[in-house]
Each structure stands twice: as structure tokens, then as C-alpha cells.
Amino acid sequence: MDVLYFAWVRERIGLPKERIETSATTVSDLVAELRAREERYDAAFADLTALRVAVDQELTDFDAPLAGAREVAFFPPMTGG
Amino acid sequence: MDVLYFAWVRERIGLPKERIETSATTVSDLVAELRAREERYDAAFADLTALRVAVDQELTDFDAPLAGAREVAFFPPMTGG
Amino acid sequence: MPVSVQDAPFDYGAECERFASGRADMGAVVTFAGIVRGDGDLARMEIEHYPGMTEKALGEIAEKARRRWSLGDVLVIHRYGMLTPGERIMMVATAAPHRRNAFEAADFLMDYLKSRAPFWKKEHMADRGEAWVAAKDEDEDALSRW
Amino acid sequence: MPVSVQDAPFDYGAECERFASGRADMGAVVTFAGIVRGDGDLARMEIEHYPGMTEKALGEIAEKARRRWSLGDVLVIHRYGMLTPGERIMMVATAAPHRRNAFEAADFLMDYLKSRAPFWKKEHMADRGEAWVAAKDEDEDALSRW
């Protein structure tokens, strides 16, 4: 599965995209897995209320299932316009 | 005093502007004076709810005073934009 | 000059460009263009106005908007004379630091301009019939929003 | 194509002109332009986006507007990359038979685009400091209007 990071999440984790082999069944599971990896992940995901998530390019919630997902992206609230 | 007519009021009365010597003290008095003149005036002013009036280029009411007024205009509700 | 009443066409694209240029202090520009809709067999739309009062009324409406919202600039252009379907009758533009002000002020300008500026529209049909456009209650009612 | 996400500048005046042209069936065109405001010592505004999702999200927002209002056309252009104060970040345009629809749809597009399209702004200051722009509660709250 491709995991993408944008804006300060990308900066804090230190890369825009990585390929992850995971058996996580929900976004939350994936987040827990990532936080356990390294301190920079733990820091980036410390406050989930400051983050948004998209699964296969659709905004969703942290309890969304990951079955069949090809791409998960984490980023701060959007500031377009 | 100059009296101006616009849109269908102008067409019904048959002229865009005329100079009138009057001792009318309010717009209503002036309207009564005009209606008494000729049938075309009487027809144009038959329904005052379909008319608007401006005194010296400011929208006002039919009971507005005419003291010192240089210009009175009668027209239908406006349809700009 | 924030208000222009003219019989000549105006260059809408160029006016938009000019209005939005050099505005590092304004984050939002809203424009509105009114276009002659070719409903039914409309051949031409004639616009009559009250020279003198029109400029005054539009200036007062623009001033009202400036007092009510935080605006960097306002523009109103309105044509009179004979127009054909697809031609632009008028435009307004507003510039503000933030979008809410720019949107509300443009909306307000249009509502006031519709019912408080001395313009009258007459439709000329292809069959040579003609009729003055009647004011709509909804346009008068729209003023109560402000 | 009603949606464009691009790093190149766009010609705002020309886009306005083109959007309002040949529309004898639409009486009202509303445009909004977003401009980089040179607040404080802002030197540049960097815009990051999520290629692929951005186009999809903007297309869905435009489609939502089309379903909700009677619109003849919708246009959304949004830049990404490095911009300087006074430059135009983005524009939306709506065309409708009547002005209320054109105004509301443009207002709606802006509210959704602000908080639901994957763009992020970073301010680069003249002193070389930089900071991600925080989302505003008022922008999120604005969505509840629709």
C-alpha cells in the first residue's frame, strides 16, 4: 500500500511517500503501526484531531476500513482558495 | 420646475420633459394638477402604486414636499442590472 | 472613477484584469456581469436611464457598500441604449481582504442596483412587438436581506 | 474542462472574458479571484497539493454545485507552487440564468474549495522564516451554511 504525507506531516516524517506492507484493517490500525516504528512517526501522529486522512483519494475517518485500499494519505486540515 | 418622465410614463404622456409653473406644495398636489390637465396625464397617473417619484434626483414618496424643488421625475419601478 | 454609465460597450475581461491587478493588500475579488438573455424571440434589449440621477444613485449605492463592508475598491459599469442578446449590460466588482466581504458587497450592490438605480429595460421582439420589463417582487424583496 | 490545477499563472482577464462570452442563455456570471495578500513581511506563498486527488475533489465540488443550482457552466482554476504577493492563486466562475444562483454557487464553491480540496499553504517570510497556514475554524464553520 502507498502511504502519502503532505505539508507539515511530510516534513515531520521526512518523506512524501512510502510503500508499506501492512495487515492493518483500519486507518487507526495503520496509524498505530506507524507510530510504533520510529519517534518521528510517533510525533507526527501524536494529535489526530490535527490530521485528516484520505483513502484512495477520498476524505474519510480514522476508523475507515483499509480492505482493498491502494493509497492512504495523511495531511493537516486543508487551506486552499 | 422641470418635470421628467421615463419608460412607459414618458411614452404614455408623450414627452420626456416639460417645464411646469405650479404652486403645488407636495408631489401628490402636482400629480392632481397634472391629472386634471388632459386624459393622457390622467391615464399615466391612474395607479400610483405602479409609479415611483424622484425629487431633485432622490427617490422619495408621493407626499414629499416640493418647496425649493427644481426637478421632479415620474417613472415605473426600476429594472436595472 | 468607481462608477461609469455609458452607451459604449465595455471590455469585461480587461476590466476584470485591471480591477484585480496590483492588489497585494486584497485577498479577494468578486465580479458580477449581467448579460442580455435571448429569451423567446428577443431581438434587442433597450435600456433607458435618468442621466444625472443614475450616476448619483450608483455612487450612493457604492458608498453604502463601502461603509458597510471592509472593501479596498468597488467598480460599477452600466450600459444604456440598444443591446443584443449575449451582450453585457453591466458589471460590478469588489475587492476585499477576505472573501466574505467581497461576496456580500457584490451581492448587495446588485440587489440595490436592480431596484434603486434609475434604469428601465424594454424588450424588442423579432416580430417587432415591444414591452417594458416589469419589476419583480423578488427583486424588491431581496433588499430586505440587507 | 471545468477544472484546472496548474503551476503556471493563468490569465484572469482572458478567462473572465472567455467564460462570459457567447452566453445568450445565461443572464448572470459571477467570478471570484483569490490573490496572495502581502501581509507582514510575506515574501512568497507556497502551495502544495495532492496530485490526482485535487482534480477529483474539485470535480466533485463543481458537480455538487451543478446538482444544487441551475447553472450553465462552472470553472475552477487553482495554482500550486511558489507565488508572490499580488499574484492570483485561483479563480472560480459560475454562469446561471439568474443572479441568485450564480452568486450562491460561487460562494459555495469557494467554501468547499477552502476546506475540502487538498491544498496547503506555506508562508515564506522575508527574514527566511516559514510557517504552514493553519486552517481557520470560520472556514470549516462556513460549510454548515450549505
Side-chain angles (χ1 to χ4, degrees), chain B residues 1-20 22 24 26-27 30-31 34 39-81, chain C residues 3 5 32-37 45-62 64 76-80 83 88-92 106-123 130-143:
Chain B
M1 179 186 305
D2 287 325
V3 182
L4 287 73
Y5 310 108
F6 292 96
W8 62 254
V9 184
R10 171 179 56 71
E11 291 178 340
R12 205 160 298 179
I13 290 176
L15 78 179
K17 185 175 180 174
E18 59 186 321
R19 188 148 189 92
I20 288 180
T22 178
T26 67
V27 174
L30 175 62
V31 167
L34 290 167
E39 209 273 324
R40 60 198 167 111
Y41 288 94
D42 194 40
F45 289 103
D47 177 12
L48 290 189
T49 67
L51 291 178
R52 299 290 178 270
V53 60
V55 172
D56 289 335
Q57 307 191 349
E58 288 284 351
L59 281 173
T60 187
D61 301 311
F62 282 86
D63 55 5
L66 287 180
R70 295 178 313 277
E71 188 172 303
V72 178
F74 296 101
F75 41 78
M78 293 149 278
T79 55
Chain C
V3 169
V5 183
F32 177 93
I35 298 173
V36 181
R37 241 187 10 257
M45 177 74 87
E46 185 179 357
I47 298 168
E48 180 171 335
H49 80 119
Y50 182 170
M53 179 173 164
T54 313
E55 292 80 356
K56 207 172 139 186
L58 291 178
E60 282 167 8
I61 292 167
K64 222 184 267 243
V76 180
I77 301 175
H78 205 301
R79 293 182 64 189
Y80 58 88
L83 283 78
R88 285 140 215 176
I89 305 173
M90 49 77 60
M91 72 173 285
V92 306
D107 202 356
F108 167 93
L109 286 170
M110 285 308 303
D111 279 351
Y112 266 80
L113 190 154
K114 275 265 166 192
S115 307
R116 292 291 181 271
F119 291 103
W120 301 273
K121 292 199 186 92
K122 188 186 213 175
E123 297 178 336
E130 51 181 58
W132 290 98
V133 173
K136 290 186 204 133
D137 287 344
E138 67 186 67
D139 283 333
E140 186 65 31
D141 294 348
L143 296 183

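Side-chain atoms are counted along with the backbone in the values below, which use heavy atoms only and exclude waters and symmetry mates. Predicted model only: the values in this text are computed from it and were never measured.
- Judged purely by atom type and a 3.5 angstrom limit, B/D56 uses its side chain to pair as donor or acceptor with the backbone of B/E71.
- When the options C/D111, C/L58, C/L143 are evaluated for a side chain to side chain contact (heavy atoms under 4.5 Å, CB included) with C/R116, the one that passes is C/L143.
- Only the side chain of C/K56 comes within contact range of chain B, with at least one heavy atom under 4.5 Å from a heavy atom of that chain.
- B/L15 has its side chain within reach of B/R40: a pair of non-hydrogen atoms, C-beta onward, lies under 4.5 Å apart.
- In this structure, the portions of B/A7 lying under 4.5 Å from any heavy atom of chain C include both its backbone and its side chain.
- Only the backbone of C/A134 has a heavy atom closer than 4.5 Å to any heavy atom of chain B.
- Interface remark: C/E46 contributes no atoms to any contact with chain B (heavy atom separation under 4.5 Å).
- Salt bridge status for B/R10 with C/E48: present, with a side-chain N to carboxylate O gap under 4.0 Å.
- The backbone N or O of B/P76 lies less than 3.5 Å from no partner atom in the side chain of B/W8, so there is not a single donor-acceptor pair.
- If you measure heavy-atom distances from C/I89 to chain B, the contacts under 4.5 Å come from the side chain alone.
- Ring to ring, C/F108 and C/Y112 are close: their centroids are under 6.0 angstrom apart.
- When C/Y80, C/W132, C/F119 are compared by the number of non-hydrogen pairs under 4.5 Å with chain B, C/W132 comes out ahead.
- Neither the backbone nor the side chain of C/R79 has a heavy atom closer than 4.5 Å to any heavy atom of chain B.
- Neither the backbone nor the side chain of B/R52 comes within contact range of chain C; no heavy atom of the residue lies under 4.5 Å from a heavy atom of that chain.
- For a residue to count as touching a neighbouring chain, one of its non-hydrogen atoms must lie under 4.5 Å from one of that chain's; by this rule C/K122 touches chain B with the side chain only.
- Under a 3.5 Å cut-off, the side chain of C/K136 and the backbone N or O of C/D141 do not form any donor-acceptor pair.
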